[in-house]
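Below you'll find the structure, written out as structure tokens, and then a few comments.
By convention here, the first residue in the shown sequence is residue 1. Since the structure is predicted, the reported quantities are computational estimates derived from the model, not experimental observations.
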Amino acid sequence: MNTLSTAVQIGRYTLRNRMVMAPMTRSRANDADGVQSELAVTYYRQRATAGLIVTEGVFPSAMGKGYVRTPGIHTDAQVAAWKQVADAVHAEGGRIFMQLMHTGRISHPSMLPGGALPVAPSAIKPAGQSFTAKGMEDFVMPRALETSEVAGIVAEYRQATRRALEAGFDGVELHAASGYLPEQFLSSGSNQRSDQYGGSIANRARFILEVLDAMIAEAGSDRVGIKISPEMGFNDIKDESLVETYAYLVRQLAPLNLAYLHVAKFKAEYDYHGALRPLFNGAYILGGGQTRESGEQRIAAGEADAVAYGSAFLANPDLPRRFALQAPLNAPNPALFYAPGAQGYIDYPAQADAPANRALRIHAYGGEEVMQWDDVPAPQPGAGEVLVRVAAAGVNGLDWKIRDGLVKDVFQLPLPATLGLELAGEVAAVGAGVDGYAIGDRVFGALGGLGAYAGHVAVAASKLALTPATMDDATAAAIPVAAMTAWQALFETGRLQRGETVLIHGAAGGVGGYAVQFAKQAGVRVLATAQGRNADLLHRLGADQVIDYKTTRFEDVAKNVDLVFDLVGGETLDRSWQVLSPQGRIVSIAAPDIAARVPEGRRGSWHTMHPDGALLARIAAQAAGGELTVVVSEVVTADQAPAAIERNKTGHGAGKTVIRF
């Protein structure tokens, strides 16, 4: 299974996949005022299929700027520009956090107000150079912050958090890595203070914890994350006890209930992921040089909840789709990482020519809004399987029950999950050992599980039947699940015999309509409950008596029933025991817990349809010969499918709804 494509909870949000776009400096903002470029709207929109985007580092105040053409979030103009970015990502269904980055001592006077010296925990000049408007210039000696000044910087982070939320961001990330101000406070090599912010590990971690408290006060803990990168060594950062320092810090983070901990590991030989993940009780984002394969392995092994990708997202705006299709990746161009303009920024192409295989999937349990069409890998038929190019698929009540989470204890699914139980289409490929089917044959069938709402589906050949030449795909797609469920429930599980009486609850639906016809063909007296508006249809299908459940109690009419076929469940099932004959029994497809609800001395069974290609072929022959009526209530397009499934829940009339692909 493609674990990177499954949903995950990060703070208050359910992300549609586990691929996080890592924060990356891109240097496209207006250098004079720190206002984000309009190009950034396109850049982030292009990458909105990431489960979560974390922006490039954004300076929380003018003194936090550290690189040329980087954006801020402390002025109204900056907020307005960032709002366009957040709106663009949300319009594509994405989530986006802003990374707050105060560079501290690695800035340069040429980028700071009035040519001020950069600030730091201590006046220790780092080795290296700063990226300025004039090019690379040596770092300068920073000014050590007075104790009284620290609270003001903490307040700047709080204000920046507030302004990020005003701009519409879903949350904020504290950049506490890469040798910037928070890590400068944390590390013994850059912090030689003698006050409450220096000396012991606890004192050196104090600044980070105070900043997080301030950010949480604005956003709530479930909208605040933090990034750390032990032993990265960037910007001349050093610490004499790295393992102890970071273990202490993460232990202090655990009770804060942050949205996530983002740990990027690059050069270190020590297993920081193995050491730190058990110390943190929230979502763990693992970063640093990961591939699709390693990301899958990390998730599957429980080593991370999500994986951060940097240059792969930079060069592949559609990275989740490429991973899903296992398609080739664009190579990034490092020479243009920080260059101004569109080139190397918004001109990386999306995968246009890969064979698309769209699937209607749920990413969480809920209503219509949790369903969406995703790109998924095109399957290949295994031994005994046929690859079907889907033309139509039938909608079933189980779709919305699974979507709503009503049967999740019975049908436990890894999310996201593709819905759909039955299909009709054309054979696109044939697996080894398959006889009787050739490419181009029209087929239909039930899967015996989920996955029919997709462009291509691999199905066991034994579950399929040839579609009669006179039958269209929409009609064929309305048959498999409902018809086989009805036949098997009546005659295999229910043991219905000629001369008996059957009561069918919910008879106007797809299964009920077939059950009425099969029972009548078998010489059975048929009673049906349905809305009165469907009485004429049910009489035409063969019902001897139709009971309008809205105006009449069925138990006042039905007596000595040999078999109750329950398609409704709930109170209707509980009231049905009293209408049974002494040898009567109930078969339900609506109450998985029926065994626990059977009164003493009574018989009740739960029925699950099992795909049977031979039975389906016989049913299809009946339908093609006019002996069986296929009732289709509506045919909808793929884009209309989520709404159609919702109508199936609330009552859409008689017969089946079919999705045409």
Side-chain angles (χ1 to χ4, degrees), residues 1-11 13-24 26 39-56 84-99 168-171 260 262 283 285 287 290-292 295-296 299 305-330 332 345-364 369-378 415-418 453-455 638-639 642:
M1 184 183 72
N2 183 359
T3 52
L4 283 170
S5 294
T6 59
V8 64
Q9 192 72 26
I10 298 288
Y13 304 110
T14 300
L15 306 185
R16 58 186 169 189
N17 61 58
R18 297 173 185 261
M19 285 168 271
V20 176
M21 177 174 159
M24 294 172 283
R26 300 310 315 274
L39 293 173
V41 177
T42 300
Y43 172 74
Y44 285 109
R45 179 194 288 119
Q46 289 173 335
R47 291 153 179 82
T49 56
L52 175 66
I53 292 174
V54 183
T55 69
E56 62 208 278
Q84 295 181 55
V85 170
D87 289 348
V89 171
H90 291 151
E92 299 295 326
R95 295 288 183 188
I96 184 167
F97 275 36
M98 178 179 286
Q99 187 190 65
F169 279 76
D170 297 302
Y260 63 81
H262 175 185
I285 299 175
Q290 299 300 308
T291 64
R292 177 182 62 80
E296 293 279 2
I299 298 295
D305 297 293
V307 178
Y309 293 93
S311 59
F313 257 120
L314 182 153
N316 298 274
D318 56 345
L319 186 66
R321 181 169 185 259
R322 288 175 183 261
F323 274 9
L325 299 173
Q326 299 185 24
L329 301 183
N330 299 324
Y345 189 52
I346 60 173
D347 58 351
Y348 285 103
Q351 180 78 6
D353 300 325
N357 190 43
R358 297 175 71 219
L360 182 61
R361 305 197 297 177
I362 57 168
H363 290 255
E369 73 283 352
V370 304
M371 295 181 287
Q372 66 183 47
W373 288 97
D374 295 327
D375 290 322
V376 298
L415 298 180
T418 302
Y453 297 160
D639 290 340

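With sequence neighbours left out, the side chain to side chain donor-acceptor pair (under 3.5 Å) criterion links Q9 to T14. Here R16 pairs with nothing under the salt bridge (Lys or Arg N to Asp or Glu O under 4.0 Å) rule; sequence neighbours left out.
Atoms CG and OH, from L4 and Y309 in turn, are 4.5 Å apart once rounded to the nearest 0.5 Å. With rounding to the nearest 0.5 Å, the separation of NE2 in H90 from CD1 in I96 is 7.0 Å. Atoms CZ and OG1, on R47 and T42 in that order, are 10.0 Å from each other to the nearest 0.5 Å. Residue D374 holds its CG atom at 11.0 Å from CG of N357, rounded to the nearest 0.5 Å. To the nearest 0.5 Å, atom CZ of residue F97 and atom CG of residue D170 are 6.5 Å apart. The structure places CD of Q46 at 8.5 Å from CG of D347, a figure rounded to the nearest 0.5 Å.
A donor-acceptor pair shorter than 3.5 Å can be found between the side chains of E296 and T3. Residues Y44 and E56 bring a donor and an acceptor atom of their side chains to less than 3.5 Å of each other.
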If you apply the rule side-chain contact (heavy atoms from CB on, under 4.5 Å), what do you find for L329 with F323, and how did you get there?
CA-CA 9 Å; L329 301 183; F323 274 9; 4.1 Å; yes

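Here the closest heavy-atom approach between residue G295 and residue Q290 is recorded as N-OE1, 4.1 Å. Of all the heavy atoms in A48 and E92, the pair that sits closest is CB-CB, 3.5 Å. Closest of all the heavy-atom pairs between D305 and A283 is OD2-CA, 3.3 Å. Contact detail for L314 and P332: the closest heavy-atom pair is CD2-CB, 4.3 Å. Closest of all the heavy-atom pairs between V307 and I285 is C-CG2, 4.4 Å. Closest approach of W373 to P642, counting heavy atoms only: NE1-CD, 4.5 Å.
In terms of modelled atom types and a separation under 3.5 Å, the side chain of R18 and the main chain of A7 share a donor-acceptor contact. Between the side chain of R322 and the main chain of N316, no donor-acceptor pair closer than 3.5 Å is present.
Only one option out of T55, V41, I53 pairs with V89 in a side chain to side chain contact (heavy atoms under 4.5 Å, CB included); it is I53.
Between P416 and T6, some side-chain heavy-atom pair lies under the 4.5 Å cut-off. Counting heavy atoms from C-beta outward, P349 and N330 have side chains that approach closer than 4.5 Å. Residues D375 and R358 meet the side-chain proximity criterion, which asks for heavy atoms closer than 4.5 Å.
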